[in-house]
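See below for the structure under consideration.
A, B, ... follow the sequence lines: proteins, then strands. Residue 1 opens every chain.
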Number of protein chains: 2
Amino acid sequence: MKIGELGDRCGVTAKTIRYYESIGLLDEPTRTASGYRDYGDDAVKRLRFIRDAQATGLTLSEIASVLELKSTGERSCSHTTALIEQHVASIDAQMRQLADARRELTLLADRAKRLDPASCTDPNRCQVISDERHMA
Amino acid sequence: MKIGELGDRCGVTAKTIRYYESIGLLDEPTRTASGYRDYGDDAVKRLRFIRDAQATGLTLSEIASVLELKSTGERSCSHTTALIEQHVASIDAQMRQLADARRELTLLADRAKRLDPASCTDPNRCQVISDERHMA
DNA sequence: CTACGGATTCCAGTCGAGTGGAAGGTCAAG
DNA sequence: CTTGACCTTCCACTCGACTGGAATCCGTAG
């Protein structure tokens, strides 16, 4: 299968595939006589795994390190699990941050709604955002 | 107040302040006779607002558009509220994504723990990540 | 006077994950 | 035989939010 088809099957562009290859995330495939990249079904699996892993928020370099574990096979699965667990922890941290931000913003929005819209006329102030009581 | 003091008061570097000015997020302040930027207390408020807004996940260009609303004063607060509400929606989307990712990853980790670590010996496979049943 | 901490400008680089485009080679259809 | 879709390489650029560093100037303490 050529690069375009692989891309279509996995939902990425040919350019992205070449990019992944360039950073070592995908192995160099065999080539046809005319120099075209020629992929097997393994490539589909691998590329889909990359996409899946990426969807969970792993960076490409984290994914690369997981895939490296696969290929060396030397280190145990515990390396992989450690990476995953670490990542779950960072997701939790991100979620906490977002929750905080959300609370802040809804507070802000609520305040905005309570204000008389007609009173927002001072060209140098928007009450929603420049209220002193709100400013840290 | 000079740039360093302003930075200290707001928890940013002088470099960041100049950067904000360069992208139009902060107005050009008056200068001392010797060319130093000379800020008033307004700058502290504005910069702190920027930091606060940023902490909630707004990008600098979103913040810029909110601050623009302030300075033109033409459009009503509803513009600001709309932006905020839109941002809250995007936070919710992010949180859903993270929750999905988290579920995926913990599944993966659980599977990893259930596997006999000693069985992870095939140099070309890490069972945690290359199990066909898991692959989309 | 000199040293030192801050200030100034401007240009360049970082990270992550690609994307754009030029210049050219290949293959199947009409 | 030409057209058009697809492939190749390579180099440069994007976005966001800074950060680093060079060269130079200002202000004050010793």
Side-chain angles (χ1 to χ4, degrees), chain A residues 1-40 43 46-67 83 87 90-91 94 97 101, chain B residues 1-40 43 46-67 83 87 90-91 94 97 101:
Chain A
M1 153 189 23
K2 280 179 290 179
I3 197 168
E5 191 188 337
L6 175 61
D8 287 349
R9 285 220 227 166
C10 303
V12 300
T13 67
K15 235 158 171 148
T16 299
I17 295 172
R18 287 191 205 102
Y19 169 67
Y20 285 175
E21 184 184 316
S22 81
I23 61 169
L25 202 47
L26 291 175
D27 291 334
E28 296 189 15
T30 55
R31 300 284 183 135
T32 65
S34 52
Y36 287 10
R37 285 174 180 79
D38 190 19
Y39 296 95
R46 188 168 174 121
L47 190 44
R48 281 190 183 152
F49 174 72
I50 291 170
R51 287 269 104 171
D52 287 356
Q54 202 184 21
T56 73
L58 285 165
T59 66
L60 294 186
S61 68
E62 283 171 326
I63 297 170
S65 87
V66 170
L67 290 173
L83 178 63
H87 189 61
S90 101
I91 285 179
Q94 284 176 64
Q97 264 199 331
Chain B
M1 144 193 28
K2 280 179 290 177
I3 197 168
E5 190 188 338
L6 175 61
D8 287 349
R9 284 220 227 166
C10 302
V12 300
T13 67
K15 228 147 181 157
T16 299
I17 294 171
R18 285 189 207 104
Y19 169 68
Y20 285 174
E21 185 184 315
S22 81
I23 61 169
L25 201 50
L26 289 176
D27 292 333
E28 296 188 15
T30 54
R31 301 284 185 134
T32 65
S34 53
Y36 287 10
R37 285 171 181 79
D38 190 19
Y39 296 94
R46 187 169 176 121
L47 190 45
R48 281 190 184 154
F49 174 72
I50 292 171
R51 290 269 104 171
D52 286 356
Q54 203 185 21
T56 73
L58 287 165
T59 66
L60 294 185
S61 68
E62 284 172 324
I63 297 170
S65 87
V66 170
L67 290 174
L83 178 64
H87 189 61
S90 102
I91 285 179
Q94 284 176 65
Q97 265 198 331

Decide yes or no for [X] and [Y]: does some side-chain heavy atom of the first lie under 4.5 Å from some side-chain heavy atom of the second?
| X | Y | value |
| --- | --- | --- |
| B:Asp38 | B:Lys2 | no |
| A:Tyr19 | A:Leu60 | yes |
| A:Tyr39 | A:Ile3 | yes |

Would you say B:Arg48's side chain and B:Ala43's backbone share a donor-acceptor pair under 3.5 angstrom?
->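 Side chain of B:Arg48 to backbone of B:Ala43, a donor-acceptor pair under 3.5 Å: no, none is there.
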For atom [atom1] of [X] and atom [atom2] of [N], their distance in whole Å:
| X | N | atom1 | atom2 | answer |
| --- | --- | --- | --- | --- |
| B:Leu6 | C:dT8 | CG | C1' | 16 Å |
| B:Leu47 | D:dC18 | CG | P | 10 Å |
| A:Lys2 | C:dG25 | NZ | C1' | 13 Å |
| A:Tyr19 | D:dC11 | OH | P | 17 Å |
| A:Met1 | D:dC6 | CE | P | 16 Å |
| A:Ile17 | C:dG18 | CD1 | P | 11 Å |
| A:Asp8 | D:dC6 | CG | P | 9 Å |
| B:Leu60 | D:dC15 | CG | C1' | 12 Å |

Classify the side chain of A:Lys15 and the base of C:dG21 as holding, or not holding, a donor-acceptor pair under 3.5 Å.
->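 Flag set: donor-acceptor pair detected.
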Out of C:dT19, D:dC7, D:dA17, whichever nucleotide has its closest atom nearest the side chain of A:Arg18 =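 For the A:Arg18 side chain, the nearest candidate turns out to be D:dC7.
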So how far is it from B:Gln54 CD to B:Tyr20 OH, rounded to the nearest 0.5 Å?
->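 Interatomic distance, B:Gln54 CD to B:Tyr20 OH, rounded to 0.5 Å: 4.0 Å.
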In plain terms, say whether B:Glu21 and B:Arg37 are close enough for a salt bridge, that is, a side-chain N and a carboxylate O under 4.0 Å apart.
->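 Yes, this pair counts.
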Out of A:Leu26, A:Thr16, A:Leu58, A:Ile17, which residue meets the side chain to side chain contact (heavy atoms under 4.5 Å, CB included) rule with A:Ile50?
->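 Of A:Leu26, A:Thr16, A:Leu58, A:Ile17, side chain to side chain contact (heavy atoms under 4.5 Å, CB included) with A:Ile50 is met by A:Leu26 alone.
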Among residues 20-38 of chain A, which contact DNA chain C at a heavy-atom distance under 4.0 Å?
->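 Those residues whose heavy atoms fall under 4.0 Å from DNA chain C, taken from residues 20-38 of chain A in numerical order, are A:Tyr20, A:Ser34, A:Tyr36.
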A:Thr16 vs C:dT19: side-chain N/O to OP1/OP2 distance below 4.0 Å =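 So the side-chain polar atoms of A:Thr16 do come within 4.0 Å of the phosphate oxygens OP1 or OP2 of C:dT19, strictly under.
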